> 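First the structure, then my questions, so here it is.
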Amino acid sequence: MPHRIKEIRERELFRLYDHEFLQLKSRNDRKQCEITYDFGNCKICDDKSTGIHYGISTCEPCKGFFKRSLLRHPEYKCNKSQSCSILPRKTKKCKFCRWHKCLKEGMSVDKIRMGRIPNSIKKHKVNNSIQNLSEINENIKILEFYKLIPFTFYREKFLNSSKENQTLVLSLLKDKTYQLFQECIEGFDSYETRALNILQSGYVPIDYERSQENIDFIRQTFLSFLKNHAMAVYKFINNLPGFDRLDKHDMNVMMNDNFFSLLAYRSYKLFLEDDCFLMLDEKVQFDKNVASIILGDEIQIKGFSHCFKMTSFRLTEIEIALSAAFIFTTFSQNLLNMDLVRELKEYYGRALYYVLTLNKRNKDFLENYIRELCKFPQMNKLCLEINYS
DNA sequence: TCTCAAGGCCAC
DNA sequence: GTGGCCTTGAGA
């Protein structure tokens, strides 16, 4: 029977029960859809998986369990040896062991994804059977991050307030962050004026002789500069709204993970005409030559290229300030209070997105900008590995 | 328009 | 509390 005629007949049959008909039809359609794609078995209980939930392939019950456990897991206790097996359709599963298996297998609110799996990734998955799920999840994660908006389960908390209140919160957050960032770059405007003057009169970089004496002097100057930078970083994040709730350990980890990234944002406007005009003190300019002496040629080239790419986005000062705050909520893992950091990420991510939208940044801009933003952790790590003394 | 995942609802 | 099913919303 042609599909269309079949549908009309079905409609006739159910015309008095239109609502029920639509529900039934929806159910049937769902069943047809469900068999179109095989996600394999649930990574938690080995039951039939219904899709990627919180980053991994799981069944509906385990998805629901993880959702419910996000707030309840601190109450869970294991009455045995914390190694209970999690079997399908066994309703009285040990909650403690089930929750820990979810974490072990990689379930996380960080991996929340909306919308369908891109066809390219899906095709890749089919071609490679199901063995490379973690790689696929990683691709999904990267794609999602490019989309910038880190909306998590906290969105409900956020959305509970009215639209006007949300705008007010974002606006206040934006203003406060901007004010703190301005304090963080206090004095840097004189470097910018200096740079513009030098460039106008014809800029010739100083070619330092690489004697041991000069190298030691430059390194010492850089170390002193880093001490001041550390104080600026601390002052910035310590005063950001919400950050006062972080404990010392998490604060230190975040400082470490974003130490050089914030330096890049502080000197954002000093990358001009193929060189950097940041002053380490009154005399030493952190130009290409000085940076090569301190960082080595390879990292200098990589780092400067990254910074020039960043400056090419021509961000406004508020966008720079919010980006600087946002990276602190985004690139640190294994913190003691990840829930709080996710909450902060939600607010700062939204505030950044709010400002980018106000400035009418298009999709291409956002994608390119976030792609570049993602390079910060790697650059920061490279800089941390250098021995500066 | 279709597919997919998050989150809500509710019978059990 | 669990798990099946539904709605919603994002994105291809």
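In the text below, chain A, chain B and the rest are named by the order of the sequence lines, each starting its count at 1. The structure displayed is predicted, hence computed values, not measured ones.
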> Round to the nearest Å and state the distance from A:Arg98 atom CZ to C:dT2 atom C1'.
8 Å
> With A:Phe188, which residues qualify under ring-ring contact (aromatic ring centres under 6.0 Å, His included), at least two apart?
A:Tyr191
> Nearest to the side chain of A:Ile52, heavy atoms from C-beta on, is which of C:dT2, B:dG7, B:dA5?
B:dA5
> Roughly how many Å is it from NE2 in A:His53 to C1' in C:dC5, rounded to a whole number?
13 Å
> Could you work out, with ring-ring contact (aromatic ring centres under 6.0 Å, His included) as the rule, every residue matching A:Tyr203, not counting sequence neighbours?
A:Phe277
> For A:Glu60 and B:dG7, give me the distance from atom CD to atom P, rounded to whole Å.
13 Å
> Whole angstroms only, please: what is the CD1-P distance between A:Ile86 and C:dT2?
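Checked: the CD1 to P distance equals 11 Å.
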> Expressed in angstrom and rounded to an integer, what is the separation of A:Phe96 atom CZ from C:dG1 atom P?
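That distance rounds to 18 Å.
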> With a 3.5 Å cut-off and just heavy-atom distances, do the side chain of A:Lys63 and the base of B:dG7 make a donor-acceptor pair?
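For A:Lys63, whose side chain was compared with the base of B:dG7, there is a donor-acceptor pair (under 3.5 Å).
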> Is there a donor on the side chain of A:Lys67 or the base of C:dG3 sitting less than 3.5 Å from an acceptor on the other?
no
> Measure from OH on A:Tyr54 to C1' on B:dG7 and round the result to the nearest Å.
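For the pair A:Tyr54 OH and B:dG7 C1', the rounded distance is 7 Å.
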> To the nearest angstrom, how far is A:Lys48 atom NZ from C:dG4 atom C1'?
17 Å
> Output all residues satisfying ring-ring contact (aromatic ring centres under 6.0 Å, His included) with A:Phe225, sequence neighbours left out; order by chain, then residue number.
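ring-ring contact (aromatic ring centres under 6.0 Å, His included) list for A:Phe225, sorted by chain: empty.
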> Could you tell me whether A:Asp257 and A:Lys381 make a salt bridge, using a distance below 4.0 angstrom between a side-chain N and a carboxylate O?
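Looking at A:Asp257 and A:Lys381, the cut-off is not met.
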> Identify, with sequence neighbours excluded, every residue that meets side-chain contact (heavy atoms from CB on, under 4.5 Å) alongside A:Cys307.
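Testing A:Cys307 for side-chain contact (heavy atoms from CB on, under 4.5 Å), a comparison that skips the adjacent residues, returns A:Ala264, A:Phe271.
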> What does the inter-axis angle of the helix from B:dT1-C:dA12 to B:dC12-C:dG1 come out as, five pairs per end, nearest 10 degrees?
10°
> Should the side chain of A:Arg68 and the base of B:dG8 be counted as holding a donor-acceptor pair, with the cut-off at 3.5 Å?
no
> Nearest to the side chain of A:Lys95 - C:dG3, C:dG1, B:dA6?
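Minimum distance to the A:Lys95 side chain belongs to C:dG1.
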> So what does A:Gly51 hit on the nucleic acid, given a heavy-atom distance under 4.0 Å: a base, only sugar-phosphate, or nothing?
sugar-phosphate
> Taking NZ in A:Lys302 as the centre, count heavy atoms belonging to other residues, nucleotides or ligands within less than 6.0 Å. Is the count above 12?
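Not more than 12 within 6.0 Å, no.
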> For A:Glu273, give me all partners under side chain to side chain donor-acceptor pair (under 3.5 Å), at least two apart in sequence or on another chain.
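So A:Glu273 forms no side chain to side chain donor-acceptor pair (under 3.5 Å) with any residue.
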